[in-house]
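Down below is the structure, laid out as C-alpha cells.
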Amino acid sequence: MRRYEDSYKQKGLRRQLVDSIRQKGITDENVLTAINNIPRHYFLDTAFEGIAYEDRAFPIGEGQTISQPYTVAYQSQLLEVKPFEKVLEIGTGSCYQACVLAELKANVFTIERQKRLFDLVKQFPFKSKYPTIRFFYGDGYEGLPTYAPFDKILVTAAAPQIPEKLLQQLKVGGKMVIPVGGQEVQRMLRITKISDTEYDQEMFDNFSFVPMLAGKKS
C-alpha cells in the first residue's frame, strides 16, 4: 500500500513551482493558492516523485498525461471559477485539475472516457478530501445532459472544433475554456454564452494537448 506523505522539501518545491508560474503570468491568487495546497506528487507514479514539481507534463498511462502546472493554472484562471459554481470537466485524467477546481470551491462534475484511468481515480485516497467532485465514466463529447446546465465547462483535451452538445449544456452567462485545433498545436479559447443562440469567443495562447476522442474506452 502506497503511503502518501507531504514533506517539508515537497512543500518547498511546491512554493517554488507557484513562484515560477506567477512569473510566467498567472495573476489569480486563488488559483496560485490552490496549486500550492495540492501535493502534485500524489497524482504521479512514485518514480516521478523527485521531479513532480517541475513545470511540465508527465505520463499517467493510457496515452494520457497530467498537464503542466502552468497549463492547469492558465485554464483555471481563464475559467474565473466562483465558489459553489457547477463546473463540468472533460477529461479527468489523474484528477489533478478536478482537485484544483474543487480547491477553488467549485462543485465539479468530471468525465473520463478511459475505464482504467476512471477506475484508478476511484481508488485514489486523496480525492476523499474533495466531496464536491463527482466522477463519471463516459464520452466527453456527450457531456452530462442530466446535470446541465453548467456555470462553467473546462475541456482538458484538444478538440478539432467546439463540441455543440457542450455548448448546449452551458448556462446563459456561463463560460467554456477549451483548446481547439490540430494535433500539434491548439489555440486556447474562452466561449461565453450570451443567449441560447449567441456566443462570444476570445482567443488566447497556443498549447499542445492530447486529442479529445469520442466514445468510451473499456
Side-chain angles (χ1 to χ4, degrees), residues 2-60 64-85 87 89-108 110 121 124-130 132-133 152-158 175-179 185-190 202-210:
R2 178 175 176 180
R3 294 178 63 191
Y4 291 93
E5 296 178 319
D6 192 23
S7 68
Y8 285 115
K9 178 182 178 181
Q10 287 156 331
K11 290 175 181 175
L13 291 171
R14 202 151 62 246
R15 284 193 294 273
Q16 290 177 23
L17 171 64
V18 168
D19 288 341
S20 76
I21 61 178
R22 181 185 280 112
Q23 290 167 11
K24 290 178 181 179
I26 302 301
T27 57
D28 188 322
E29 288 299 325
N30 291 328
V31 171
L32 292 167
T33 298
I35 298 287
N36 192 55
N37 286 347
I38 298 173
R40 189 179 187 235
H41 61 282
Y42 287 4
F43 299 78
L44 295 165
D45 188 276
T46 52
F48 295 108
E49 275 199 10
I51 53 175
Y53 294 105
E54 293 183 8
D55 189 21
R56 59 190 177 105
F58 292 104
I60 57 171
Q64 306 300 302
T65 62
I66 179 173
S67 291
Q68 180 183 353
Y70 171 73
T71 303
V72 171
Y74 190 101
Q75 286 197 292
S76 301
Q77 178 168 282
L78 281 184
L79 204 61
E80 298 177 346
V81 177
K82 296 178 177 60
F84 313 116
E85 286 187 325
V87 179
E89 182 198 27
I90 307 300
T92 310
S94 69
C95 188
Y96 180 66
Q97 174 72 81
C99 289
V100 170
L101 295 172
E103 189 73 27
L104 293 168
K105 299 182 173 59
N107 292 313
V108 184
T110 182
V121 166
F124 181 38
F126 184 71
K127 71 177 174 55
S128 63
K129 182 183 176 186
Y130 300 107
T132 57
I133 305 177
K152 305 285 168 66
I153 298 177
L154 181 63
V155 180
T156 64
K175 300 179 189 296
M176 179 195 303
V177 172
I178 179 172
V185 177
Q186 306 90 38
R187 178 65 66 91
M188 194 70 73
L189 304 183
R190 181 167 62 189
E202 301 168 88
M203 301 176 72
F204 296 91
D205 294 331
N206 289 333
F207 287 85
S208 182
F209 282 78
V210 296

Are [X] and [Y] packed together at the side-chain level, in the sense that at least one heavy-atom pair is separated by less than 4.5 angstrom?
| X | Y | value |
| --- | --- | --- |
| Cys95 | Tyr130 | no |
| Ile38 | Phe43 | yes |
| Asp28 | Tyr74 | no |
| Tyr4 | Pro39 | no |
| Met188 | Leu78 | yes |

*Pick from Leu154, Val100, Leu101: which one makes a side chain to side chain contact (heavy atoms under 4.5 Å, CB included) with Gln75?*
Leu154
*Of Arg22, Gln23, Gln16, which meets side chain to side chain donor-acceptor pair (under 3.5 Å) against Asp19?*
Arg22
*Which residue, Lys175, Lys152, Lys105, forms the side chain to side chain donor-acceptor pair (under 3.5 Å) with Glu85?*
Lys152
*Applying ring-ring contact (aromatic ring centres under 6.0 Å, His included), name anything that partners Phe204, two or more places apart in sequence or on another chain.*
none
*Could you list the residues that satisfy ring-ring contact (aromatic ring centres under 6.0 Å, His included) with Phe209, not counting sequence neighbours?*
none
*asked:* Test: salt bridge (charged side-chain N to carboxylate O under 4.0 Å, His left out). Region: residues 45-59. Which pairs qualify, not counting sequence neighbours?
replied: Arg2-Glu49, Lys24-Asp55, Glu54-Arg56
*Reported OH-to-CD distance for the pair Tyr53 and Gln10, which is rounded to 0.5 angstrom*: 5.5 Å
*Any chance the side chains of Ser76 and Gln97 put a donor and an acceptor closer than 3.5 Å?*
yes
